[in-house]
Amino acid sequence: EKFDLLKCVNFLKDLSPPDLKTLTNVMTPKIFAEDEVLVKKGDPGDAFYVIQEGEVWVKDISVGHAIYEDMVLGPGKYFGERALVTSEPRAAN
């Protein structure tokens, strides 16, 4: 299940099966309450999220001077990768 979920992530889908398996070993499932704030803009990026079920509303999105419209992400979509990889603060709520 985790393996298939990671294959939905564009920048991970070409990893070898052993590498994907390594990532699944460090994945921690988390369940969030409806309307719970998962990340706050400006906070450090210490986690990357892949949505298994349900939806996440991403709002107040900006990177540099670029501002983006709010969006809703569902199963197989992901967020938090930019802050995690670049060590920059979160770019959205």
Q: So for atom NZ, which belongs to Lys41, do other residues, nucleotides or ligands contribute more than 12 heavy atoms lying within a distance under 6.0 Å?
A: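 More than 12 within 6.0 Å, yes.
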Q: What residue among Asn10, Val56, Ile51 forms side-chain contact (heavy atoms from CB on, under 4.5 Å) with Tyr78?
A: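 Per the side-chain contact (heavy atoms from CB on, under 4.5 Å) rule, the option paired with Tyr78 is Asn10, out of Asn10, Val56, Ile51.
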Q: About how many Å separate CG of Leu15 and OG1 of Thr22, when rounded to the nearest 0.5 Å?
A: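 Thr22 OG1 to Leu15 CG: 9.5 Å, rounded to 0.5 Å.
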Q: Not counting sequence neighbours, which residues clear ring pair (Phe, Tyr, Trp, His ring centres under 6.0 Å) with Tyr49? List them please.
A: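 Residues passing ring pair (Phe, Tyr, Trp, His ring centres under 6.0 Å) with Tyr49: Phe79.
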Q: Please check if Leu6 and Val26 belong to a single hydrophobic cluster, counting links between Ile, Leu, Val, Met, Phe, Trp and Tyr side chain heavy atoms closer than 4.5 Å.
A: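 They do not share one cluster, since no chain of ILVMFWY contacts under 4.5 Å joins Leu6 to Val26.
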Q: Looking at Asp60, is its backbone amide N or carbonyl O close enough to the side chain of Asp70 to form a donor-acceptor pair, meaning the two atoms are under 3.5 Å apart?
A: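 Yes, because the side chain of Asp70 sits within donor-acceptor range (under 3.5 Å) of the backbone of Asp60.
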Q: How close do Gly80 and Arg90 get, counting heavy atoms only, and between which atoms?
A: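 Nearest pair, atom of Gly80 first, then Arg90: CA-NH1, 3.2 Å.
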Q: More than 12 heavy atoms of other residues, nucleotides or ligands under 6.0 Å from NZ of Lys77: is that the case?
A: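 No - once you tally the heavy atoms of other residues, nucleotides and ligands closer than 6.0 Å, there are 12 at most.
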Q: For residues Val9 and Glu81, determine if any side-chain heavy atom of one lies less than 4.5 Å from a side-chain heavy atom of the other.
A: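 With C-beta onward as the side chain, the pair stays apart.
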Q: Specify the closest pair of heavy atoms between Pro75 and Gly54, including all atoms of both residues, with the distance to one decimal.
A: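 Closest heavy-atom pair between Pro75 and Gly54: CD-O, 3.3 Å.
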Q: Let me confirm one number: the CE-CG distance from Met27 to Leu5, rounded to the nearest 0.5 Å.
A: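 CG of Leu5 is found 5.0 Å from CE of Met27.
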Q: Can you check whether Val37 reaches Asn93 side chain to side chain, under 4.5 Å on heavy atoms?
A: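 No - every pair of side-chain heavy atoms lies 4.5 Å or more apart.
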Q: With a 4.5 Å heavy-atom cut-off, do Leu12 and Val50 have their side chains touching?
A: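 Heavy-atom side-chain distance check fails, nothing below 4.5 Å.
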Q: Measure across Ala91 and Val63 and return the closest heavy-atom pair with its distance rounded to 0.1 Å.
A: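 Taking every non-hydrogen atom into account, CB-CG2, 4.0 Å.
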Q: Find the distance between NZ (Lys7) and CG (Asp14) and round it off to the nearest 0.5 Å.
A: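 Answer rounded to 0.5 Å: 11.0 Å.
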Q: Mind checking what makes side-chain contact (heavy atoms from CB on, under 4.5 Å) contact with Met71, not counting sequence neighbours?
A: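 side-chain contact (heavy atoms from CB on, under 4.5 Å) list for Met71, sorted by chain: Val58, Ile61, Leu73.
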Q: Please report the C-alpha distance between Arg82 and Glu88 in whole Å, then the side-chain angles of each, then the deciding distance to 0.1 Å, and finally whether the side chain to side chain contact (heavy atoms under 4.5 Å, CB included) criterion is met.
A: CA-CA 8 Å; Arg82 190 192 64 80; Glu88 293 178 5; 2.4 Å; yes
Q: Mind listing the closest non-hydrogen atom pair of Pro89 and Gly42 along with its distance?
A: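 In terms of heavy atoms, the two residues are closest at CB-O, 3.3 Å.
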Q: With rounding to the nearest 0.5 angstrom, report the CG to CG distance, Leu20 to Asn25.
A: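 Atom-to-atom, Leu20:CG and Asn25:CG are 11.0 Å apart.
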Q: Any link between Phe3 and Phe11 through a network of hydrophobic side chains (Ile, Leu, Val, Met, Phe, Trp, Tyr) touching at under 4.5 Å?
A: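 Yes, one cluster joins them.
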Q: What is the distance from atom CD of Glu55 to atom CD of Glu34, rounded to the nearest 0.5 Å?
A: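 Here the interatomic distance stands at 10.5 Å.
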Q: A quick test of your reading: do over 12 heavy atoms of other residues, nucleotides or ligands sit less than 6.0 Å from CD of Glu36?
A: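 More than 12 heavy atoms, drawn from other residues, nucleotides or ligands, come within 6.0 Å of this atom.
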Q: If you compare all heavy atoms of Ala83 against all heavy atoms of Gly45, which two are closest, and at what distance to 0.1 Å?
A: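 Scanning both residues completely, I find the closest heavy atoms to be CB-CA, 3.7 Å.
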